[in-house]
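Right, one structure below, let's go through it.
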Amino acid sequence: MRYALRRLLLPAMAALILAGCAGTGMMPGSSGPDAQTLLDQARSQSGQQAAATRLQAAEILARQGDTRQALQIAGQIDGAQLAPDLRVRWALVMSDAGLAEKDGWSVVRATDILDSGIAIPTADAQTLRYRRGIALDMIGEPEAAADLLIGLQRDNAPYELNDEIWKPLSRLSPAGLDTLAANSNDSLTQGWVALARLYRSASGDVAGLFDRLDQWRSRYPDHPANRRLPQELSALHQVEGRQIDRVAVLLPESGPLANVAKAIRQGMEARLDDARAQGEKVPALTFIDSSQQDIDALYAQATLGGAQAVIGPLSKDKVNQLETRASVPLPTLALNYGEHARNQAAELFQYGLSAEDEARQVAQRAYLDGHRHAGILVPDNEWGSRVLAAFRDRWQQDGGQLASVVSYDPSGSVTKAVSRMLKGGSSKPDMLFLLALPSYARQVPPTLDFYYAGKLPVYATSQIYEGTPQPRADHDLNDVQFVDLPWMIPDAAAGGVDALPYATTYRQLATQDDPGLLKLNAMGVDALELARRLPLLQALPSTQVYGATGNLQAREDGRIQRTLPWAVFQAGVPQPLLASPGATLGDGSNAGTQQQTSSGSNSGTPNASATTGNGTDGVPGDPLGPATNGNGDAGGN
């Protein structure tokens, strides 16, 4: 992407260099001062003169390929101190360096100039709008990104935008697509939205997908995507004729995971019946008891039964065995994550309800919100250690620092744990990552208030919410931000039940009283949908599924990563969490608004309704609620 962008903007950047350096002796190959000399010179200057000198240094560094330092210097310049023409140059340099360094917020800041009223040459304005669209997608605002880039295409910008538009568009929730279509009634936008809807609704039915794509082409003959489909869609020919008609499901019918397996199976069967009733071609499921047989015997039985793919196994031990092999006998979606550094087996995908994915997402969000010094509260058990490692790795990878880390006793004093977190670190925390079950978590905000730290932003994983609105019990969690499954927070995640993925199936399954069971049902629904798409996942690794348990996409090693919607407690009830404070999310043409951000363990639980929260890999582990032993870990197998 970075290099394609530079090729597209080469003429504009060449003009920028010629204009920006005229009269300064700064043409490539000239003997003018280097960047460091200019920076030294700026120290003895002030105001507009110092800002202009630093801008020259940033431009030189950017041309030399040192985009990291160019971004750092440009970011320290107050654009308001620059004359209008220099401010445009600053925006171009900073936005280019920001994209190169994958710093979306810096690009957004630079491109705010589009709404400043400054006269910007048309080519430069288009360049800045283009970069802004890419950056909005980077910071988790796909609706704003798609809207901006479609608008740029509508204005006949000289860029090939189909792939850039499709990337954020394919990640929008049904509610996001509805909003996009309602805000722009032109045929260009309507065509894009229709294409995204058909791909989402029909991608599980490979044969039906091609029929619906032909219908779309007939309806929008002049659409840019008809002339050239986005790369992801144009590669669909690789899966034509590879419809999966029979799937073997390896689940235990006895033992500690039997009730978990039963709830997952219930979700699969409910979704299968619903899809069939809506006229979709669905695979036949053959359930095989995995309690007593070894993994090779299970594959042999599946093969003899004519299966083209496998869902399962559920046992983490069996997944561990599979992921060290070179390949598996049949394309497989395991219902757990192995413990090795990576999955090595070809055609093996792994899916579960992983608290580690949630921790990484929290780290990313908190960093993008501008926080840099994390305070952390996690349980002092294996689950807490695994989730802490996931958060820490992502946080430090992005550039964040650990201010303090406290591994607390879930049955111990919340006051002592919070006090240690606030006072015991190397620096003062500017945010708190909280991994806790509801009974413990509800005590944390009042304790922060007691220590005059009530304004400390708190970010949490899905374990903080029991799954049903309890305004009185959860009132103390007000302002805590957390991620959760779309099915658990329908009003916050998707704008109501009608906007949920597989809403009809949800209505059928949501009548039960146990949120833990509904989470496992949701896992079964998404397991079936992922299995139907195994040919797509193999041919098109970028395939995403907007599922009941989150937005799902396979990582490079076949492990499925979930991205969950955000919510915030208000009046004790989860509410939608809007974009980060201070973020300007418009399209540079006064058409933008703030958008809603849609931005790997086995529990071994003997009863699926006995809620747990144990972590990394899995299945029945982390997302179920109160733990059987009070520490977030119901045991493993």
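Hydrogens, waters and symmetry mates are skipped; everything else that's a heavy atom, side chains included, is used.
- For K167, the NZ atom is loosely surrounded, since the number of other residues' heavy atoms within 6.0 Å does not exceed 12.
- For R228, the salt bridge (Lys or Arg N to Asp or Glu O under 4.0 Å) test picks out E160, D163, with sequence neighbours left out.
- No donor-acceptor pair under 3.5 Å is formed between the side chain of S354 and the backbone N or O of G352.
- Under the salt bridge (Lys or Arg N to Asp or Glu O under 4.0 Å) criterion, R154 pairs with D186, sequence neighbours left out.
- Between S187 and H223, every side-chain heavy-atom pair lies at or beyond the 4.5 Å cut-off.
- Between Y465 and D474 there is a side-chain heavy-atom pair separated by less than 4.5 Å.
- Going from atom OG1 of T563 over to atom CZ of R360 covers 10.5 Å, rounded to the nearest 0.5 Å.
- Counted within 6.0 Å of CD on Q512, heavy atoms from surrounding residues, nucleotides or ligands total more than 12; the atom is thus considered enclosed.
- In this structure, L229 CG and L195 CG are separated by 7.0 Å, a value rounded to the nearest 0.5 Å.
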Can you check side-chain contact (heavy atoms from CB on, under 4.5 Å) on F287 and E269, steps first, answer last? CA-CA 11 Å; F287 290 90; E269 292 179 327; 3.6 Å; yes
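- A donor-acceptor distance shorter than 3.5 angstrom exists from the side chain of D526 to the backbone of T549, with no hydrogens or angles considered.
- The minimum heavy-atom distance linking A503 with D498 is given by the pair CB-O, 4.1 Å.
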In sequence, state the C-alpha distance, the side-chain angles, and the governing distance for L477 and F482, and then conclude on side-chain contact (heavy atoms from CB on, under 4.5 Å). CA-CA 10 Å; L477 293 173; F482 69 103; over 6 Å; no
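- With D357 contributing its side chain and R562 its backbone, the two residues share a donor-acceptor pair below 3.5 Å.
- Residues in residues 293-302 take part in these salt bridge (Lys or Arg N to Asp or Glu O under 4.0 Å) pairs, two or more places apart or across chains: D296-R325.
- Atoms CD1 and CD, from I288 and E253 in turn, are 10.0 Å apart once rounded to the nearest 0.5 Å.
- Between the side chains of D274 and Q278, at least one donor N or O sits under 3.5 Å from an acceptor N or O.
- Side-chain atoms of N336 do not come within 3.5 Å of backbone N or O of S315 as any donor-acceptor pair.
- The main-chain N or O of L500 is never found under 3.5 Å from a side-chain atom of Y546 such that the two would form a donor-acceptor pair.
- For the pair A492 and A567, the tightest heavy-atom approach, listed with the atom from each and the gap, is CB-CB, 3.8 Å.
- Put simply, the side chain of Q153 reaches to within 4.5 Å of the side chain of W192, judged on heavy atoms.
- Within the 3.5 Å criterion, the main-chain N or O of G572 finds no donor-acceptor partner in the side chain of Q470.
- Closest heavy-atom contact between A275 and V282: CB-CG1, 3.6 Å.
- Q364 places no side-chain N or O within donor-acceptor distance of the main-chain N or O of R394, the cut-off being under 3.5 Å.
- Contact record, A571 with P471: O-CB, 3.7 Å, taken as the closest heavy-atom pair.
- Side-chain polar atoms of E232 and S170 form no donor-acceptor pair below 3.5 angstrom.
- Shortest non-hydrogen contact noted between G467 and M488 is CA-CE, 3.7 Å.
- Of the N and O atoms on the side chains of Q266 and N521, at least one donor lies less than 3.5 Å from an acceptor on the other residue.
- Put simply, the side chain of N320 gets close to the backbone of E339: a donor and an acceptor are under 3.5 Å apart.
- Under a 3.5 Å cut-off, the side chain of N343 and the backbone N or O of L348 do form a donor-acceptor pair.
- Separation of atoms CZ (R532) and CD1 (I311) is listed at 10.5 Å; rounding is to 0.5 Å.
- A 6.0 Å sphere centred on CG of D214 holds more than 12 heavy atoms belonging to other residues, nucleotides or ligands.
- Taking CD from E556 and CZ from R342, the interatomic distance works out to 4.5 Å, rounded to the nearest 0.5 Å.
- At a threshold of 4.5 Å between non-hydrogen side-chain atoms, the residues S254 and Q292 count as touching.
- Using a 4.5 Å cut-off on side-chain heavy atoms (C-beta onward), R533 and F349 make no contact.
- Distance check: I464 CD1 to Q481 CD gives 11.0 Å after rounding to the nearest 0.5 Å.
- Remark: side-chain polar atoms of Q361 are paired, donor with acceptor, to backbone N or O of L564 under 3.5 angstrom.
- Remark: of the listed residues T179, L180, L172, L180 is the sole one forming a side chain to side chain contact (heavy atoms under 4.5 Å, CB included) with V193.
- Counting heavy atoms from C-beta on, the side chains of L314 and P252 come closer than 4.5 Å.
- In this structure, V249 and R265 have side chains that are not in contact, with every pair of non-hydrogen atoms separated by 4.5 Å or more.
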Kindly determine whether S184 and D147 satisfy side-chain contact (heavy atoms from CB on, under 4.5 Å), including the steps that lead there. CA-CA 9 Å; S184 300; D147 189 36; 3.9 Å; yes
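- Residues passing the salt bridge (Lys or Arg N to Asp or Glu O under 4.0 Å) test with R559, sequence neighbours excluded: E323, D557.
- Listed here is the closest heavy atom pair of L537 and L530: CD1-O, 3.9 Å.
- Applying the salt bridge (Lys or Arg N to Asp or Glu O under 4.0 Å) test to residues at least two apart or on different chains, none of the pairs has a partner in residues 535-554.
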For L213 and Y199: C-alpha separation, side-chain torsions, deciding distance, then whether side-chain contact (heavy atoms from CB on, under 4.5 Å) applies. CA-CA 8 Å; L213 188 56; Y199 179 70; over 6 Å; no
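- With sequence neighbours excluded, the residues that form a ring-ring contact (aromatic ring centres under 6.0 Å, His included) with Y220 are W216.
- At a threshold of 4.5 Å between non-hydrogen side-chain atoms, the residues P283 and D245 do not count as touching.
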